[in-house]
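Please read the structure below before turning to the comments.
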Amino acid sequence: QVQLVESGGGLVQPGGSLRLSCVASGFTFSPYGMKWYRQCPGKEREWVATILNFGDATDYADSVKGRFTISRDNDWSTVYLKMNNLKPEDTAVYFCHSLGPDNYWGQGTQVTVSS
């Protein structure tokens, strides 16, 4: 059974940091790129970051560039999203997504940035 399980969300003050984790199981993790998305209430799901196979290349949405870092640990089948200098507009449910062997999605983890 394929699973992507996100964790690490929570409540943080503006300017704070969180690290999200997404643990994959049920498929071979290392050959595939991974992405993070987020979705705010009343808005469409938004792409946040991508990391390609073995972490050779990354890409970020303009809204998070310079603040967020995507990384992966293939030995533990985990992709991370380190979020620094969080802003209220970063509040969303964050989802991880695999590019293969199929388009798998996790259930999401809530990030709330508020004073």
What pairs of donor and acceptor atoms, side-chain ones from residues 105-115 against any protein atom, are under 3.5 angstrom apart with sequence neighbours left out?
unit_1: Thr109; atom_1: OG1; unit_2: Gly9; atom_2: N; d: 3.1
unit_1: Gln110; atom_1: NE2; unit_2: Ala92; atom_2: O; d: 3.4
unit_1: Gln110; atom_1: NE2; unit_2: Thr112; atom_2: OG1; d: 3.4

Is the backbone N or O of Asn85 less than 3.5 Å from a side-chain atom of Arg67, with the two atoms forming a donor-acceptor pair by type? yes

For Trp47, does the CH2 atom sit with more than 12 other heavy atoms under 6.0 Å from it, leaving out its own atoms? yes

For the CD atom on Glu89, are there more than 12 heavy atoms of other groups (residues, nucleotides or ligands in this structure) within a distance under 6.0 Å? yes

Is Lys87 salt-bridged to Asp90, cutoff N-O under 4.0 Å? no

Is it possible for you to check whether Arg19 lies under 6.0 Å from the centre of the six-membered ring of Tyr80, through NZ or CZ, and within 45° of that ring's axis? yes

Minimum heavy-atom distance Cys96-Leu4, with the two atoms named: SG-CB, 3.7 Å

Is the charged tip of Arg45 near the ring of Phe95: under 6.0 Å from the six-membered ring centre and within 45° of its axis? yes

By ring pair (Phe, Tyr, Trp, His ring centres under 6.0 Å), which residues pair with Tyr104, not counting sequence neighbours? Phe27

Which residues satisfy the side chain to side chain donor-acceptor pair (under 3.5 Å) test with Asn84, sequence neighbours excluded? Ser17, Lys82

For Thr91, which residues count as a side chain to side chain donor-acceptor pair (under 3.5 Å) partner, sequence neighbours excluded? none

Return the orientation label for the His97 and Tyr37 ring planes: parallel under 30°, perpendicular over 60°, tilted otherwise. perpendicular

Which residue pairs satisfy the side chain to side chain donor-acceptor pair (under 3.5 Å) criterion with at least one member in residues 20-36, sequence neighbours excluded? none

Given side chains that start at C-beta, do those of Leu52 and Thr58 come closer than 4.5 Å, heavy atoms only? no

For Asp75, salt bridge (charged side-chain N to carboxylate O under 4.0 Å, His left out) partners two or more places apart: none

With Tyr60, the side-chain contact (heavy atoms from CB on, under 4.5 Å) member among Ile51, Val48, Thr50, Thr69: Thr69

